[in-house]
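Written below as C-alpha cells is the structure these notes are about.
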There are 4 protein chains.
Amino acid sequence: MAEGGFTPRLPGNVRKRQIVQRTLALIAEEGIQGATMARIAEAVGISEPSLYSHFASRQEILVSALDLVYERVKDITRAATDPDALERLRQMGRYHSMLVAKEDPQYLFPLFEFVAAPPSTGLREALGTRQMMPLEHVAATVDLAKQQGTISEDVDSMELAGMIIGCSWAEGVAHLMGIAGKWDADVWARMLDLLLASVSTGNKAIHCE
Amino acid sequence: MAEGGFTPRLPGNVRKRQIVQRTLALIAEEGIQGATMARIAEAVGISEPSLYSHFASRQEILVSALDLVYERVKDITRAATDPDALERLRQMGRYHSMLVAKEDPQYLFPLFEFVAAPPSTGLREALGTRQMMPLEHVAATVDLAKQQGTISEDVDSMELAGMIIGCSWAEGVAHLMGIAGKWDADVWARMLDLLLASVSTGNKAIHCE
Amino acid sequence: MAEGGFTPRLPGNVRKRQIVQRTLALIAEEGIQGATMARIAEAVGISEPSLYSHFASRQEILVSALDLVYERVKDITRAATDPDALERLRQMGRYHSMLVAKEDPQYLFPLFEFVAAPPSTGLREALGTRQMMPLEHVAATVDLAKQQGTISEDVDSMELAGMIIGCSWAEGVAHLMGIAGKWDADVWARMLDLLLASVSTGNKAIHCE
Amino acid sequence: MAEGGFTPRLPGNVRKRQIVQRTLALIAEEGIQGATMARIAEAVGISEPSLYSHFASRQEILVSALDLVYERVKDITRAATDPDALERLRQMGRYHSMLVAKEDPQYLFPLFEFVAAPPSTGLREALGTRQMMPLEHVAATVDLAKQQGTISEDVDSMELAGMIIGCSWAEGVAHLMGIAGKWDADVWARMLDLLLASVSTGNKAIHCE
DNA sequence: CATGAATGAGGGTTCATTCAT
DNA sequence: CATGAATGAACCCTCATTCAT
C-alpha cells in the first residue's frame with residue numbers, strides 16, 4: 001500500500017543521533033512533555049512510526065537525550081586542564097557559567113526537565129545514575145588537590161564535591177527562574193571562590209589565630 | 001468517581017482551598033502534567049466541570065498551587081526569629097533542610113515542577129515573580145546583620161542573599177536527583193556555614209593579618 | 001474550543017443501550033476486533049471520546065454486548081412454556097434452530113466471537129460465567145421431567161443438560177462453517193430427539209425387555 | 001529481536017513449515033489477531049520482510065496454518081482402524097476427546113479461531129471447504145457400517161455423520177467456554193454412544209416390541 | 001454551585017506491507 | 001534468501017473545555 005516514501009534512507013546510526021539531537025532541542029523548547037513522538041518525527045523529517053525502527057519507545061529516546069545532556073557535562077570536566085587541581089575546580093565553575101550563560105539548548109533547561117520528571121517516568125532514576133560520574137570526578141580532583149597540598153586534608157572530598165557542584169546547580173536554578181539578572185554573571189564563580197577559599201590551605205579563616 | 005450525588009455544597013473559599021491543596025498533592029506525585037482536571041476533580045470529589053465554577057482555567061489552579069508552595073517558603077522566614085540576624089540566616093538554612101528532609105509533598109517536588117515548566121506555560125514567569133519576595137527578605141536580613149555588625153559591610157547584600165538561597169536550591173536538586181544519600185543531612189547547613197563564615201566579621205579569612 | 005456538538009443529548013440509559021446494540025451488530029459483521037471504538041462511535045453517531053462518557057473502556061462495552069447476547073439466550077428458555085418438561089426441552093431446541101436459521105445478528109455469530117476470544121481478553125471467562133445460567137435452567141427442566149416421569153431417573157441431569165445444549169452448539173458451528181446447507185434445517189432437532197428418546201421412559205432402548 | 005545477523009539460511013520448505021507451525025502456536029495463544037507478522041517473525045527468528053520471501057501475504061500464512069489444523073483432524077480418522085466400522089466411529093470420538101483433553105495447542109483453540117473469523121477475512125470459507133473432507137470420511141464410514149449391518153439402513157449417512165461430528169464440536173465449545181469441568185471427560189463419548197445406539201441395528205429403541 | 005453528555009485535538013503505539021540493498 | 005529503514009492507517013485512550021440542565 002505504502003508507495004515507498006521519498007525520505008532518504010539514512011544509515012541507522014546517523015538517524016539515531018539525529019533523532020536524539022532534535023529531541024533534546026524539543027525538550028529545551030517545550031519540556032519533556034512537549035517532546036512528543038509527532039513533534040520529534042516532524043523535526044527529523046520522517047514519519048512517526050519510523051521512530052520505532054530506531055528506538056523501542058519514547059522512553060528510550062528520552063534516556064538517550066539525557067545521555068546527550070551528560071555529554072555536555074563531560075565537556076566541563078574535559079575543559080578543565082590546569083595542572084593545579086584547585087585551579088581546575090575553579091575552571092570547571094567558570095566553564096559551567098559560560099555554558100549556562102550562552103543558554104546552550106542542550107544543557108541547562110533539558111537537564112532540569114529531567115530533574116523534575118515525575119518519579120513514575122523512571123527518568124529521575126536515570127538521571128541520578130548519570131550524575132554520579134561528574135560528582136566522583138570532582139571528588140577525585142579534590143583528592144588530588146589535597147595531595148598537591150592546596151586543599152586541607154581535613155576536608156571530606158565527597159562533601160566538598162557536592163558543595164562545588166551545588167554552586168552550579170544554584171546557578172542553574174537562578175537562570176531557570178529568570179532571576180539571574182539580579183546579579184552579575186560572576187556571582188556563582190565568586191560563591192565557588194568563597195567556598196574553595198574556606199577549605200584551601202592558603203585560607204587562614206579557620207586557623208587564623 | 002465521586003461517591004455519588006450528594007456532594008455537600010461547600011462555601012466557595014473552602015472548596016477553592018481544597019482544590020488547590022489536592023492539586024498540589026497531585027503535582028508532587030505525578031508532576032504538573034499529572035495534575036489533570038480529571039484527577040483533580042476526582043481527588044476533590046466533585047465533577048470536572050465544577051472546577052470551572054471556582055477557577056477560570058487549569059492554569060489558574062496551577063498558579064494558585066504555586067502560591068501555596070510559597071506559603072511553605074514563607075514558613076521558613078517566619079520560623080527564623082533569632083534576634084541576631086546572622087543566626088537567623090542559619091536558622092533559615094536549618095529549617096529548609098528539615099522541610100526537604102521530611103519530604104513535605106507541598107514543597108520541594110512541586111517547586112521544581114514549576115522551575116522546569118516549559119516557558120510556554122507562563123508558569124516559570126509566575127515563579128520568578130514569587131521568588132523575589134524571599135530573596136529580598138534574605139537580603140534585608142543580611143542588611144540587618146551588617147547593621148548589627150556581624151556581617152562585613154563590604155559584602156553586597158543581594159549577592160550574598162542569592163548565595164544563601166543557592167545553598168537551599170543545591171540541597172533541593174541533590175534530593176530530587178536521588179543522590180542526597182551520598183552525604184549526611186547536614187552537609188548543606190555546613191555549606192551555608194562556610195559561606196557565612198567567609199563574610200562574617202568574625203572571619204579573618206580575607207583580611208587576616 | 002469545542003463549539004458544543006449538535007448531536008442531540010440523549011439520556012444516559014438510552015445512549016448506553018444504543019451503543020451496546022450497535023456494537024453487537026458490528027461484532028456480528030466484522031468480529032470483535034472489527035468492533036473498534038471508531039466504528040462504534042460512527043455507528044452511534046457520536047464522537048469517539050464520547051463513548052467514554054458512558055463506558056469506562058472498550059472491554060466494558062464488549063462485556064455489555066455479551067450480556068445482550070445472553071438476553072437472546074434467555075428468550076429461548078422464556079419461549080419454551082409447555083407444561084410437559086420433556087416437550088419443553090424439545091421446544092427449546094426448535095426455538096434455537098429458528099434463532100440460528102433467521103441469522104439473528106445478535107445471536108450466533110457474536111456468541112462464537114466470544115467463544116473464540118483470546119484468553120488474554122478476559123472475554124471467555126465472562127462467557128463461561130454467563131453460560132452457566134441457561135445450563136442450569138436446562139438441568140432444572142430435566143429434573144422436572146424426571147419428577148413428571150417422562151425422563152428416566154437414572155440419568156444425570158447436568159450431563160443430559162450438557163448434551164442438549166451441545167446439540168445447539170453443534171448447530172451453531174455447522175452454520176458458522178457455512179456447511180449447514182448439507183442437511184435440512186431439522187437435522188439438529190432430530191439429533192436432540194434421538195438424544196431425548198434415548199433417555200425418556202417411553203424409550204425401551206435400554207430397558208427393552 | 002532475532003538474535004543477530006547470521007540466521008542460517010534454511011531450505012525453503014523447512015522454513016515454510018517452521019513459519020506455519022509457530023504461527024499456529026501464536027494463534028492458539030493469542031488468537032488470529034495475535035498472530036501478527038512481527039510476532040511470527042520474532043518466533044521464527046527471521047526479519048519481518050523475510051516472511052514475504054516465503055508467503056505472499058499474512059492471509060496465505062493463516063490459510064497454511066488452517067491446513068496444519070486439519071492435519072490434526074486427519075490424525076483422528078487415521079487413528080481409528082477397527083475393522084468394525086461402527087466401532088471405528090466410537091474410536092474417532094474417543095480420539096477426539098483425547099485431543100481436546102490434552103489441550104493440543106495445534107487443534108482446538110486454533111480451529112475455533114477460524115470458526116469465528118470475520119467473514120471478510122475469507123478464512124471461514126477456507127474452513128468450510130476443509131471441513132468437508134472429514135465429514136465425508138465419517139459419512140463413508142457410516143455407509144460401511146450399514147454394509148456391515150451394524151447401522152440401520154434407514155439412517156441418512158450424511159445426517160448421522162453431521163451428528164457424530166456435532167458431538168465433537170459440542171465438546172470443543174464446552175472446553176473453550178471453560179465449563180468442561182462441569183462434567184467428567186467421558187460425557188461426550190457417552191453422548192456419541194447414545195446417538196450411535198439409537199441408530200445401530202442392535203438398538204431396539206425404535207423397533208422395540 | 002453542580003453535573004452528565006459531548007467534543008476536537010492529540011497522546012504513544014502497532015499494523016501489514018514495500019523497497020533498496 | 002534476507003534485511004534495515006520506512007510508511008499510511010488505524011489502534012485505544014486522555015486532554016481541557018463547553019453547554020444545557
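Per chain, numbering begins at 1; letters A, B, ... match sequence-line order.
C:Phe112 approaches D:Ala116 most closely through the heavy-atom pair O-CB, 3.5 Å. Heavy-atom minimum distance, C:Leu24 versus C:Ala65: CD1-O, 3.8 Å. In plain terms, the two heavy atoms of D:Ala117 and D:Thr121 that are nearest each other are CB-OG1, 3.7 Å. In terms of heavy atoms, D:Tyr70 sits closest to C:Met177 at OH-CE, 4.0 Å.
Look at CZ on D:Phe55: it is 16 Å from C1' on E:dA16, rounded to the nearest Å. The distance from atom CD of A:Gln18 to atom C1' of F:dA5 is 13 Å, rounded to the nearest whole Å. The interatomic distance linking B:Ile61 (CD1) with F:dC15 (C1') rounds to 14 Å, in whole Å. Rounded to an integer number of Å, the gap from CD of C:Glu48 to C1' of E:dA5 is 17 Å. Here E:dC15 presents its C1' atom at 16 Å from CD1 of D:Ile32, a figure rounded to the nearest Å. Note: CD (B:Glu60) to C1' (F:dA16) measures 14 Å, nearest angstrom. One interatomic measurement links the two molecules: CD of A:Glu30 to C1' of E:dG11, which rounds to 16 Å at whole-angstrom precision.
Distances shorter than 4.0 Å separate some side-chain N or O of C:Arg15 from OP1 or OP2 on E:dA6. Neither OP1 nor OP2 of E:dA5 sits under 4.0 Å from any side-chain N or O of C:Ser53. Under 4.0 angstrom from either OP1 or OP2 of E:dA6 there lies at least one side-chain N or O belonging to C:His54.
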Dot-bracket for DNA chain F, please. Rules: Watson-Crick or G-U, both distances under 3.5 Å, ( ) within the strand, [ ] when a pair crosses earlier ones, | for another strand, . otherwise.
.||||||||||||||||||||

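For B:Arg58, the side-chain atoms get nearest to F:dA16 when compared with the rest of F:dT7, E:dT3, F:dA16. Relative to the side chain of A:Pro49, the nucleotides E:dA2, E:dC15, E:dG4 differ in distance, and E:dC15 lies closest. Distances were taken from every side-chain heavy atom of A:Tyr52 (C-beta onward) to each of E:dT7, F:dA2, E:dT14; the shortest belongs to E:dT14.
The CD atom of C:Gln33 lies 4.5 Å from the CD atom of D:Gln33; values are rounded to the nearest 0.5 Å.
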Assess whether side-chain contact (heavy atoms from CB on, under 4.5 Å) is satisfied between D:Val63 and D:Gln59, documenting all intermediate values.
CA-CA 6 Å; D:Val63 171; D:Gln59 169 82 0; 4.1 Å; yes

Taking it one step at a time, do B:Met37 and B:Ile61 satisfy side-chain contact (heavy atoms from CB on, under 4.5 Å)?
CA-CA 10 Å; B:Met37 296 302 269; B:Ile61 300 180; 4.1 Å; yes

Step by step, would you call A:Leu127 with A:Leu111 a side-chain contact (heavy atoms from CB on, under 4.5 Å)?
CA-CA 9 Å; A:Leu127 173 65; A:Leu111 177 64; 3.9 Å; yes

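Within residues 35-42 of chain C, no residue has any heavy atom under 4.0 Å from DNA chain E.
In terms of position on DNA chain F, the residue among B:Gln59 and D:Leu51 whose nearest nucleotide sits closer to the 5' end is D:Leu51.
Judged by distance alone with a 3.5 Å cut-off, no donor-acceptor contact links the side chain of A:Ser50 to the base of F:dA5.
Within a 6.0 Å radius of CD in C:Glu125, other residues, nucleotides and ligands contribute 12 heavy atoms or fewer.
In this model, a donor atom of one side chain and an acceptor atom of the other lie less than 3.5 Å apart for D:Ser47 and D:Ser50.
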